[in-house]
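Right, one structure below, let's go through it.
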Amino acid sequence: MSTYSELIAEKQPSLRKKALAVKVGDQLLDLFREAPNGETGDGYKVVTFDTDEGKMLFWHSSAHILAQAVRRIWPDAKFDDGPALMSGPGHFYYDIYLEHKISEEDFARIEAEVEKIVSENHTISRRVLAKSDALAHFQSQAEQFKVAIIEKLPESAEISLYSQGDFEDLCRGPHVPSTGVFGAFKLTAISGAYWKGDASNPMLQRIYGVSFPDNKMLKSYIQRLEEAKKRDHRKLGKELELFHIEPTTPGMVYWHPKGYTIYTELQSYIRRKLALRNYQELHTPTIADKTLWEKSGHWEVFRENMFFTESEEKIFAVKPMNCPCHVTVFNQGLKSYRDLPLRLAEFGSCHRNEPSGTLHGLMRVRAFTQDDAHIFCTEEQIQEEVANFIDLVREVYTDFGFNDILVKLSTRPEKRVGTDENWDRAEKALEVALDTKKLDWELNPGEGAFYGPKIEFSLRDCLDRVWQCGTIQVDFSMPGRLGAEYVASDGSRKTPVMLHRAVFGSLERFIGILIEEYAGKFPVWLSPIQVSILSVNEEVNDYSKEIEKLLKENGFRVELNISSDKIGYKIREWTQKKINYAVVLGAREKDGRELAVRERGEQETKSFQIQEFIDLLKSQLK
RNA sequence: GCCCACAUAGCUCAGUCGGUAGAGCAUUUCCAUGGUAAGGAAAAGGUCACCAGUUCGAUUCUGGUUGUGGGCUCCA
């Protein structure tokens, strides 16, 4: 019998130093585990930092070292959980209960202790206890969070504990072979985190960190992070004069002319898409009497997220959603089954009183405009409508170049309206549609809207944070609550099903994502300014103005720069504004009635006939 | 809302171990008319987020408020 560690030294000596664990079948095992007799080196795979699995393991072991350091400094620390992360403010964190409030000032001290533990190079070992023994062990140490974790495990579970020097922790494992493998270790953030993710529970302190086998990798990680932050939509929004948010209107956007150009272009774009799919656009009020929201269920379930105002002793709510208003329109005039599916669309301006701590640039705001629509249909029509919507979302997201779209099915939440039978049918309908369309999706239990389950289409920002954008939701409740009905083919009155759906989600969030996706370099059709005309000197001002007029007559967004600055300075400004094309005009161009055109990101200039350039621009419109 | 941090000129940031502040860029004016990432000079620009407290004196220290950033919870 020999350990995997010994086997690797013998069979794969080149991997001896890099090996973190082995993988046998689907199972990851510590290097010190015994290999079966007769193992030749073919029955396992060596896990190194080069794979995601290896990274996760490495980072998970890092969390243990962090805990060990914290325990050495503050012996009264109680530990909850310390997982590895593939994205977020660190590679791992540990949730800790501790009287001392940890702040960034403590990081140096903790890091120094980590460094000590690394240099002590403790071998990491494992022991297994029966559940009752493990419970007794952690109870005796008053590790109440660990006790809670163990209590949830099955009676027969073998509970493993890992130790390294003076520190032992409850852990499924496996772990790296020793504490000496960490070449670089850095704490990155501290925050509060509710125990078990429940806001009614006490708050633990969550320390985040990153770690690598060597320092070079840490440096390149920091560099990549800095690069990502250059794409931040809040930074670019300021630099490119797209929008701003005021202290007097937290979570509400002042769209500047350039940002609003993107906004209106997106509206035009989606209008064209919806018209082809037989949607009809409408517009409804922003505030409505409380009684409407009582009927819809919002008053009962969504009130804490709503803004209210009052007039003549009546309470009005600023709409957080458009659905009740759309049902109100549906209810005007008697509808027949022949009218269904009826698709009512609105760029609906919604306000939600989101908790202050959740606001985030354009991604999470209190006032936003949804590219909303409600499809009133029969139950038999749900499948086709959902399928068509999935096609639409894919078509649109492809147009913007998104290829990393997360699809989730969110099912009934605790706070909800409607019967369980209706929820069963609604959830089933979405599940069938997802599978029919062969989408890769994951289940998101308990995260549906209060009136129905939803499919969510989420996109990632520059730091890989996930934001829900598109959605479609099946609602068997609200039409009935608000008295919607239609005359069926047999003459009876029936309640329609309502599908709530949005492709962008909200224009604010979608533009936030777009800014980061494009790093501020918008395609021609979306660019606030598509062409900058740069004159070389005053001699060509007239020609420059003529070209400006010509391009504007052709519908393009053009900026004219005939200031007395030198051309090098104008080129620099043009570059920084990330405008698609620079048209440089001097005596040569004026004489030949040509354009010297430079494209964003290109170094060389190409000579164009005027019409030729107009055609080039036109070819890039949507 | 909760935890940690931050708030100085239009922007990006220095700075003051407590004696009311500085740079670069941008702005304005003047000179320069220059061919693809910054020509030169001058001027102007700040209740150091807001409100209290300590102090002879607070932008600096303390407390609170508001906003922002990173998380948690919650959401498009």
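All figures in this text were calculated on a predicted structure; none of them were measured in a lab.
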Summary of protein contacts for nucleotides 44-51 of chain B, nucleotide by nucleotide, where a base hit scores B, a sugar-phosphate-only hit scores S (4.0 Å, heavy atoms): --------
Exactly one candidate in A/His283, A/His500, A/His374 meets ring-ring contact (aromatic ring centres under 6.0 Å, His included) with A/His326; the answer is A/His374
Which whole-number value in Å describes the distance from A/Tyr93 OH to B/rC4 P? 18 Å
Please state whether the rings of A/Phe450 and A/Phe302 are parallel, tilted or perpendicular, taking 30° and 60° as the class boundaries. tilted
Under 4.0 Å, heavy atom to any atom of RNA chain B: which of residues 397-411 of chain A qualify? none
When the distance from NE2 of A/His256 to C1' of B/rG10 is rounded to whole Å, what number comes out? 12 Å
Please report the distance, rounded to the nearest Å, between CD in A/Gln205 and C1' in B/rC3. 8 Å
Just checking A/Tyr269 against A/Phe400, ring centres under 6.0 Å apart? yes
Can you tell me how far P of B/rC3 sits from OH of A/Tyr97, to the nearest Å? 13 Å
Count the heavy atoms belonging to other residues, nucleotides or ligands that lie under 6.0 Å from NZ of A/Lys258, then report whether that count exceeds 12. yes
Just to be sure I understand the rule, does A/Lys238 reach a base, reach only the sugar-phosphate, or reach nothing, if contact means heavy atoms closer than 4.0 Å? sugar-phosphate
Tell me, what's RNA chain B's dot-bracket, Watson-Crick or G-U with both distances under 3.5 Å, | for other-strand, [ ] crossing? (((((((..((((.....[..)))).(((((.......))))).....(((((..]....))))))))))))....
Going by ring-ring contact (aromatic ring centres under 6.0 Å, His included), name the residues that satisfy it together with A/Phe212, two or more places apart in sequence or in a different chain. A/His91, A/Tyr221
Return yes if a side-chain donor-acceptor contact under 3.5 Å exists between A/Glu427 and A/Thr411, otherwise no. no
The reported gap from CD1 in A/Ile513 to OH in A/Tyr397 (rounded to nearest 0.5 angstrom) is 9.0 Å
If a protein heavy atom is under 4.0 Å from the base, mark B; if only from the sugar-phosphate, S; if neither, -; do that for nucleotides 67-76 of chain B going 5' to 3'. SSSBBBBBBB
Give the ring-plane orientation class for A/His256 versus A/His244, where under 30° counts as parallel, over 60° as perpendicular and anything between as tilted. perpendicular
Going 5' to 3' through nucleotides 29-39 of chain B, assign each nucleotide B (protein heavy atom under 4.0 Å from a base atom), S (under 4.0 Å only from sugar-phosphate atoms) or - (no protein heavy atom that close). ---BBBBBBBB
